[in-house]
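Numbering of residues begins at 1 and proceeds along the displayed sequence. As a basis for the values below, the full set of heavy atoms in this structure was taken, side chains included, without hydrogen atoms, waters or symmetry mates.
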Amino acid sequence: MRTLFIILMGTTLAFFPIGVKKLLFRKDSLSKRMLFVLIPASFALISHCVLLFVSNEIAAYVLFSFYFAFSNWIAVAVFSFCTCYTNSEFNSKVLKFLIIPVSIIDTLALIANTFSHFFFSLHKIVYGSFEFFRYSFSDLLTVHFVLSYGLFIYCFIIILKKFLKEPPTLRIKYYSFLIYLALITFTNVLYICIGTPYNFSIIVYAFCFISSYNVLNKAVPNLLIQQTLGIIADELKNGIVLLDNDGRCIYVNAFVKQNFECGSDEILDNEVFEDYFQQRKSREPESMDSFACEVEYQSERKRLSLNITDYIIKDGESIVGRYYLIEDVTAIKNQAYEEKLLRTRDPLTELYNKEYFFEKVAHRLKYDRFTKYYLIVSDIVNFKLVNDLHGKPFGDTILRRSADAIRKYSARDVIYGRLYNDHFIMLVPKRRFDEEVYAQAFKNDMSYLQNFSYNLIIHMGLYEIDDLTLPVSVMCDRAFLALRSIKNDYKTGFAYYDDHLRQEVLKMQMLMNELPVALKANQLKMYLQPQVTKNGILVGAEALVRWHHPSRGIIPPGEFIEIIEKINIISDVDRYIWECACAKLAEWKRAGKTNLTISVNISARDFFTMNLLETLVGLIKKYEISPKSLNLEITETAVIYDVENQLNVLDKLRALGFVVEMDDFGSGYSSLNMLKDISVDVLKIDMAFLQKSKDDVKSHKILEKIIILAKELGMKVLTEGVESGNQIDFLSAAGCDLFQGYYFSKPVPVNEFEEKYFR
């Protein structure tokens, strides 16, 4: 038995230098802690081995002291290793300032025991044919064992705790370690209880920790990789079929099982692979390493488009297997089809979209140059009200009905599509167009709207194509121009592009080309229209713009303001007028006329194209005038896009002293709604409110209530568009503060304004 034990111990010791050498070259913390385990374990093993041959009592005391001390340090090292391996939250300060100091004291006490024998004493025991020394228990030795085995038990607990917390896939990292700890504990208990001189637990200890290190660093990671790859493969959106070198299927992932409803045994006989093998045989030689093709798979539940590619797996030059990658390209093909539809069709009505309609018309006109065609653009009058009153789903239903009417009543040689919103477009041979047929088509298709409270009116603008060199988009613009000519006409349903509209287009185009030049050449002039009390006393003026054209004379704003907005220079014009107004206010200030104000307009675009607050404050500082002298006019439509941000800017301007006026009140249907949200100082009422009414009594009462409401909200009231003394008397009695209109003066040049009011 002794010979066998010595051989086992010698063999174990022979592996220690190899393990230590490997661990010395590794820099990770786990390897350092394993090295810390092996070093005391090797000394404990040597001490125990030498004890079998010692006959001197003092030498036996020394060796037992070293054996117990190194056993204690093994427990400390195992504890450190376990806390590192499990990423335990155990505080390293406890190890550094409690466990290690106690272990040092224990070691010194064991060494001192050689002479004092207060820790343990030795006595000889005869075992077989030889004698050996055995220790006797004492209270202090019991404390030593409690310290060592306590750490060991704690290691077992933290490993077990980690094992129970981990998911099944990761438990493999810990169960082998638990087995090793249990085996070491079992052999050590046997040594203590039986009284044998041979402590096989040290050999088991060394063997288990060396092998556990290899398992933890090699076998366990490999198993985890296999399991993880299996999980990843099952979660892939593509299929994997793995074959061995004999062509047998040995693995299929979850995608294959779920979509083909078969396992690895039947997959190669599935119709998908039958199709694949047939395509491969017909298109490529069988000897090729890789082949890819697309196949269609139809089951009772779904239809799939699959892209199958096979790959050779080699070990050096030898083939060890093959795998098939099955990509589900159904979504990609569906998306491609949908993208094609999106490129050519309107998603709501399924008519041609604008781009594809233009393409089809251009192609038709290129190859059919003798047929006369109309390009027709239709519009549902005030369609926005339909959405506002009945909701967008109802509006979409009407649009689909309109599309159905176009399909139903159009001949085969008609091309039709949807431009945007409620605008449809058609290319119709002139000989086939009949106003009554198309008007009746829409009327019939809308007849189901029996309880609809709003009568739908369809307008159509027509352009007879007489110039085939024009782009289709320009033809469309001409049809739109005809459509706009009857925008507010509820009796006329059709309008044709003619020479008069052509001249309007040419005129508009000319103005569009000349306006940027006019702005730079100072052809745009500031005019002033006075704002007065009921007695005609001047309090200020509104700054307006007029175009002094070098050849056409003075052009009123109605002819070019819309163009200014269209070519995106409205903010440049606004800033120019602001500058003129500030310069004039500074001039009046120097002349002692500090009580006069000038009102300037702010458009919706100004909020987005410039830093409005910074620009206006900069002008005030530049010309050294008071903010109270520059009044800012806004309309309700100027603050409907980014309301919160715009109201914040207006509040900051008012805080700095600017007076904010709400212009054109009464001309829009949402004025009262905006009035509660916007803080203004002056309410400007448009007299058109009275002029458009058929019931003077009712309109007067409404106007009186508006003035009372404005007063209660702390606002001054200014009425613009005043044209008679009777209006002055009525408005004054109702509480209006200021007036502006032709009754006092039309907008006049600045010098004429000063001539009239200052001299």
Side-chain angles (χ1 to χ4, degrees), residues 22 26 166-177 179 211-334 336:
K22 286 184 178 181
R26 297 179 69 92
E166 293 289 349
T169 305
L170 299 178
R171 286 181 181 175
I172 191 173
K173 293 174 61 178
Y174 305 104
Y175 78 79
S176 59
F177 206 79
I179 293 172
S211 61
S212 69
Y213 183 75
N214 289 322
V215 167
L216 296 175
N217 282 278
K218 293 181 180 179
V220 168
N222 289 337
L223 287 170
L224 284 174
I225 289 170
Q226 291 177 19
Q227 292 187 10
T228 305
L229 289 177
I231 293 172
I232 293 172
D234 281 339
E235 291 181 351
L236 287 176
K237 295 182 179 179
N238 298 323
I240 296 177
V241 178
L242 181 61
L243 279 61
D244 63 13
N245 60 341
D246 295 321
R248 290 188 296 268
C249 181
I250 58 176
Y251 173 79
V252 293
N253 70 343
F255 174 92
V256 177
K257 296 174 184 177
Q258 292 168 4
N259 287 287
F260 304 133
E261 298 178 353
C262 62
S264 57
D265 296 335
E266 306 92 6
I267 184 62
L268 295 180
D269 296 325
N270 189 278
E271 61 184 77
V272 170
F273 276 93
E274 288 180 359
D275 188 1
Y276 171 80
F277 292 136
Q278 187 175 358
Q279 290 193 52
R280 175 167 184 157
K281 186 176 181 180
S282 62
R283 291 164 54 188
E284 298 290 346
E286 293 184 5
S287 59
M288 70 174 300
D289 286 347
S290 182
F291 177 76
C293 71
E294 187 174 308
V295 299
E296 298 292 327
Y297 174 69
Q298 178 73 53
S299 69
E300 295 180 358
R301 296 181 301 164
K302 66 182 89 173
R303 180 182 179 86
L304 298 176
S305 296
L306 304 170
N307 204 5
I308 302 179
T309 309
D310 71 330
Y311 298 91
I312 296 292
I313 305 172
K314 291 185 177 181
D315 183 3
E317 295 299 322
S318 302
I319 297 176
V320 296
R322 180 186 295 270
Y323 74 93
Y324 295 94
L325 180 64
I326 306 174
E327 297 179 85
D328 183 1
V329 294
T330 308
I332 297 174
K333 291 194 69 174
N334 290 342

Participant: Can you name the nearest heavy-atom pair linking Cys293 to Tyr276, along with the distance?
Facilitator: SG-CD1, 3.4 Å
Participant: Going by side-chain contact (heavy atoms from CB on, under 4.5 Å), name the residues that satisfy it together with Asp275, two or more places apart in sequence or in a different chain.
Facilitator: Gln279, Val295
Participant: Could you give the distance from CG (Leu242) to CZ (Arg322), rounded to the nearest 0.5 Å?
Facilitator: 11.5 Å
Participant: Of the options Asn307, Val241, Asn238, which is the one that meets Ile326 in a side-chain contact (heavy atoms from CB on, under 4.5 Å)?
Facilitator: Val241
Participant: To the nearest 0.5 Å, what is the distance between CZ (Phe277) and CG (Asp310)?
Facilitator: 8.0 Å
Participant: Distance check, rounded to the nearest 0.5 Å: Leu306 atom CG versus Glu296 atom CD?
Facilitator: 7.5 Å
Participant: Return the orientation label for the Tyr323 and Tyr311 ring planes: parallel under 30°, perpendicular over 60°, tilted otherwise.
Facilitator: parallel
